[in-house]
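Beneath this line is the structure, given in structure tokens, with notes to follow.
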2 protein chains.
Amino acid sequence: MTPTDTLTDPLAQIPAGASAAADATARAEGLAALQAAFGPRLSRQAAVRAQHCHTVNWIPPEPPDAVICPRSTAEVARIVEICAAHRLPVIPFGAGSSLEGHVNAPRGGVCLSLREMDRILEISPADMSVVIQPGVTRSRLNEELRATGLFFPIDPGADATLGGMAATRASGTNAVRYGTMRDMVMGIEAVLPDGRVMRAGGAARKSSAGYDLTRLLVGSEGTLGILTELRLRLFGQPEAVAAGIAAFPDLESACNAVILTIQMGLPVARIELMDEMQIRACNAYSGLSLAERPTLVFEFHGSPAAVADEVAQFRALAEEMGATGVEHATDPDSRQRLWKARHDAHWANLALRPGARNMTTDVCVPISRLADCVARTQEDLRASGITATIVGHVGDGNFHVLPLFDPGDAAMLGRIKAFVHRLVDRAQAMGGTCTGEHGIGQEKRRYLEAETGAVALSAMAAIKRALDPHDIMNPGKILP
Amino acid sequence: MTPTDTLTDPLAQIPAGASAAADATARAEGLAALQAAFGPRLSRQAAVRAQHCHTVNWIPPEPPDAVICPRSTAEVARIVEICAAHRLPVIPFGAGSSLEGHVNAPRGGVCLSLREMDRILEISPADMSVVIQPGVTRSRLNEELRATGLFFPIDPGADATLGGMAATRASGTNAVRYGTMRDMVMGIEAVLPDGRVMRAGGAARKSSAGYDLTRLLVGSEGTLGILTELRLRLFGQPEAVAAGIAAFPDLESACNAVILTIQMGLPVARIELMDEMQIRACNAYSGLSLAERPTLVFEFHGSPAAVADEVAQFRALAEEMGATGVEHATDPDSRQRLWKARHDAHWANLALRPGARNMTTDVCVPISRLADCVARTQEDLRASGITATIVGHVGDGNFHVLPLFDPGDAAMLGRIKAFVHRLVDRAQAMGGTCTGEHGIGQEKRRYLEAETGAVALSAMAAIKRALDPHDIMNPGKILP
């Protein structure tokens, strides 16, 4: 790995707005053409534009020139056609909960907010799939599914839209058992950068028919097309759920318990790590009295007998690894209590320093390296004088660091950015990735070449040029 | 759907060898350059060439101009560079067990047999992954893994190479629980059509870092690059295995039992359908006395307690659907006996008509349509006077039809080809796919546009042109 202090930043060499190249006149003409087609539905108000750019992390907001809410695939196609003719950038927008600047408009252009495309088009209980428009949020989908006995398992924390979750290849706590958006999206409809409507995948559970365009669009962060329809896999609501918590003497034993769990094939549905600092924060915020040690919160789904057996097996191996205070429960109230610390982690983190904001970043490493990576990250935080908690989807080797900073403390923000560089270097040097589930967006572009190498990066760029020769689709994201 | 009798065949309009366009001189120069670089390791013997083209189905063999067995990624890269310079087609070859003409050389060129690249490079028990060269077969991998307590679950029937399985996005009986090659390949190394070596994916269980090049190469059938290294997911060997068999009054009740199983979240590891004709064939071939009815063979993997509970639940629901003679067992010998009919299905099918050959084809439909699709396919076979059995990976909606024909009976072969057209039309009209696990190869190219639409097909072609502008990588496969 390149040491951080000599890291050359590939982004520094790119002249601003180089490739979108919509000059001011063409841009104005494009906006006028959209206004002519959509009238007052194209909003150019400063307040609306400001709501449709990045606001979640410390990344500076870059508002689009205009915002429009299409109501159908045909409208998306019409908008993209006009934008393509005028080389006007197109930035798709879901709930705005992405973390790496995905919805910023560094080269201006039109934000397509998909919130009005929020219909559930078809629920197929026999095929265990659902067809939705991209603006449906995961929580609304699960509300609508409740009576069917089915559910959609991916939960990235925020109540994101499913279109946005697909575009960023989101996952979250349930991924260790159910998979990520990569695995959940069975088929798509997407508007390509020239305005044509493409369909890929479908209702069959598997297919060997040609290139996997579904998987290519999932995780492409709006740079190859706009998702206008998704077919998603569903699962049966588990008959029984058991949740539990266990404190470990150190990180290594907690991580080893997870590795053993997965090696034994125990089908754990969620297994989350909180570090000592996070437990301290949760005790203070949620009035708990948990031991301030690396802690796992876990959950099993299945038949009552299977779940009871699995919890017993997990308990035995956790205690063999030195776990103490292992508790579990199957009734909803007790489960809620056991998960409380994890659910409140974000707010507990913020409460560590009133008035501060937090900056969420994520990396993912092979599980065998997780304990080492987390321990070294904790040391790094201590040495850097940064207050941060760590929570992790530890079954996948994925963890989040949430450093706190006071708005306006530029020096601390600089220290945090340098820390993130080191964190990514550390994860990549261990065979891991600069992002397990947040995506590349604007801020992690600088790390992509170190991770995949120049050849893969040039293959990505070749695919981007082939499908979006004028670079109008969410320019300035993923690729340099 | 277009009725078969008016189906326009997009392939009929393509002049032979149009796009590879290696004229005879350039081709001879390319072969001479390879010979100069590799000496006698480049074989041009007719017998060797004949062994390295399609022989499994009825598809006529089209041998390459030469065959070479590279021993390293660097050698693959060197060969591809020479071929690229001379516009010489490159056809990767694993075990030669693919079914749709994938290894034919319709435009000549060099067959790269990867059999000497068969090293297992790294086994990571903690990360439950393995890094292999593409020539390792699945059975050898599992032999090598035996002592580790881990196994690789994908079993396509044939003892294929893992490189070939990745290239065709293979799956098989275990896919309902463990997934397909799409899900198993964590990372790849591949030689691109210009000879550069690309790496994608890696040892982390998930990543949101850029376009999913791993999934793009998996299933690309050697048309975008040659896989030279694979990192594969592994699973813990199940502590307990229960296998069983159940006969149903009709197809619909068998399929409904499967749908219910999956809706209930019972983690069935394998669930295979055999139709009445297949059971009749197996009774005759294997000396069994099974009821000649639609039959499911099933298997559960897990802890002894979980497996016992799951089998009991499955049995109850199968009997509710009218199943009779439900048997199950956990000891290896009895399990073997219960699976015997399914294991012998191919040979039992052939024994239905001594001297005949069979022609295996596959489609995959949404599970809700499976009973209907299989029933209508049986009617079609009867009406067409074709003798065939049906076996299916019914948990995925994927089934195989194995029509028998006497070599030399051109009329019957014509009837079988027309039947396959109707089968694919039927599956596609039900929202299914022309191939669940065999791939497109040469023979199913004619069905791809009807399935994905013209826009997706043109996106595939754009990606192909972007990565392989001279169309040297396995030309004449997947795309028209």
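Naming convention: chains lettered A, B, ... in sequence-line order (proteins, then strands); numbering from 1 in each chain. The structure displayed is predicted, hence computed values, not measured ones.
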Residue part contacting chain B, namely of [X], when any heavy atom lies under 4.5 Å:
X: A/I440; value: both
X: A/C364; value: both
X: A/L370; value: neither
X: A/Y211; value: both
X: A/E239; value: side chain
X: A/N398; value: side chain

Strictly distance-based, threshold 3.5 Å: is any side-chain N or O of [X] a donor or acceptor partner for the main-chain N or O of [Y]?
X: B/T452; Y: A/A200; answer: no
X: A/R182; Y: B/S207; answer: no
X: B/D127; Y: A/I367; answer: yes
X: A/Q263; Y: B/P125; answer: yes

Inset, instruction - Considering only NZ, NE, NH1 and NH2 on the basic side and carboxylate oxygens on the acidic side, decide whether A/D396 and B/K206 come within less than 4.0 Å. - result: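 Salt bridge flag = yes for B/K206 with A/D396.
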
Inset, instruction - Find out whether A/I463 and B/L213 are in side-chain contact, i.e. whether some heavy atom of one side chain is under 4.5 Å from a heavy atom of the other. - result: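 Side chain of A/I463 against side chain of B/L213, heavy atoms only: contact under 4.5 Å found.
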
Inset, instruction - Give the member of A/A308, A/S303, A/S129, A/G302 that has the highest number of heavy-atom pairs under 4.5 Å with chain B. - result: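 Between A/A308, A/S303, A/S129, A/G302, the count favours A/S303.
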
Inset, instruction - Dump the intermediate steps for side-chain hydrogen bond (donor to acceptor under 3.5 Å, both in side chains) on A/S458 and B/R196, then the final yes or no. - result: CA-CA 11 Å; A/S458 83; B/R196 289 181 303 161; 2.9 Å; yes

